[in-house]
Participant: 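Following this message is one structure expressed as structure tokens.
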Amino acid sequence: GKIGDPTYEAVRRIQQLEERHIQSISDLRELGRARELLTPEERRLFNAYIMEARSIAEISRRTGKSWDTVRNRLIKICEKVICRIGPLFGEEV
């Protein structure tokens, strides 16, 4: 096919999507490995905040810990995870 040909463009787009899919799978695996470095409590907080998109206030209510305590714990947890996955996004750690 030639550039501009609908079939060529469709195949090119499918290839791009496949490359993004493969990269996403790789990134997700690396995130999983980073989560494995966390303690069970840290993993629960990380999952609630990052994976389930719960607010700090909701996590605070559920755990019985103060908002500041939850926030500070999440900062430390995210720093640990970023040390592991930062290079995936071109960040120096």
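Scope of the values below: all heavy atoms of this structure, side chains included, with no hydrogens, waters or symmetry mates.
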Participant: Group every Ile, Leu, Val, Met, Phe, Trp and Tyr by side-chain heavy-atom contacts under 4.5 Å, then state whether Val70 and Trp67 land in the same group.
Facilitator: yes
Participant: Measure across Ile59 and Leu74 and return the closest heavy-atom pair with its distance rounded to 0.1 Å.
Facilitator: CD1-CD1, 4.5 Å
Participant: How about CZ on Arg54, more than 12 heavy atoms from neighbouring residues, nucleotides or ligands closer than 6.0 Å, or not?
Facilitator: yes
Participant: Can you sort out the partners of Ala10 under side chain to side chain contact (heavy atoms under 4.5 Å, CB included), two or more places apart, ordered by chain and number?
Facilitator: none
Participant: List, one per line, each side-chain donor-acceptor pair under 3.5 Å for residues 31-39, sequence neighbours excluded.
Facilitator:
from, atom 1, to, atom 2, distance (Å)
Arg33, NH1, Arg29, O, 3.1
Arg33, NH1, Glu30, OE1, 3.3
Arg35, NE, Asn47, OD1, 3.1
Arg35, NH2, Asn47, OD1, 3.0
Thr39, OG1, Glu42, N, 3.1
Thr39, OG1, Glu42, OE1, 3.4

Participant: State the NZ-CD distance between Lys65 and Glu41, to the nearest 0.5 angstrom.
Facilitator: 3.5 Å
Participant: Would you mind reporting whether Arg73 and Lys76 have side-chain heavy atoms less than 4.5 Å apart?
Facilitator: no
Participant: Give a yes or no on whether the backbone of Ile56 and the side-chain of Ser60 come within a donor-acceptor separation of less than 3.5 Å.
Facilitator: no
Participant: Sequence neighbours left out, what passes side chain to side chain contact (heavy atoms under 4.5 Å, CB included) with Ile22? Give chain and number order.
Facilitator: Glu18
Participant: Hey, what do you get for CD1 (Ile50) to CD1 (Ile77), rounding to the nearest 0.5 Å?
Facilitator: 9.5 Å
Participant: Look at atom CZ of Phe46 and say whether more than 12 heavy atoms of other residues, nucleotides or ligands are closer to it than 6.0 Å.
Facilitator: yes
Participant: Roughly how far apart are Ile14 CD1 and Glu9 CD, rounded to 0.5 Å?
Facilitator: 11.5 Å
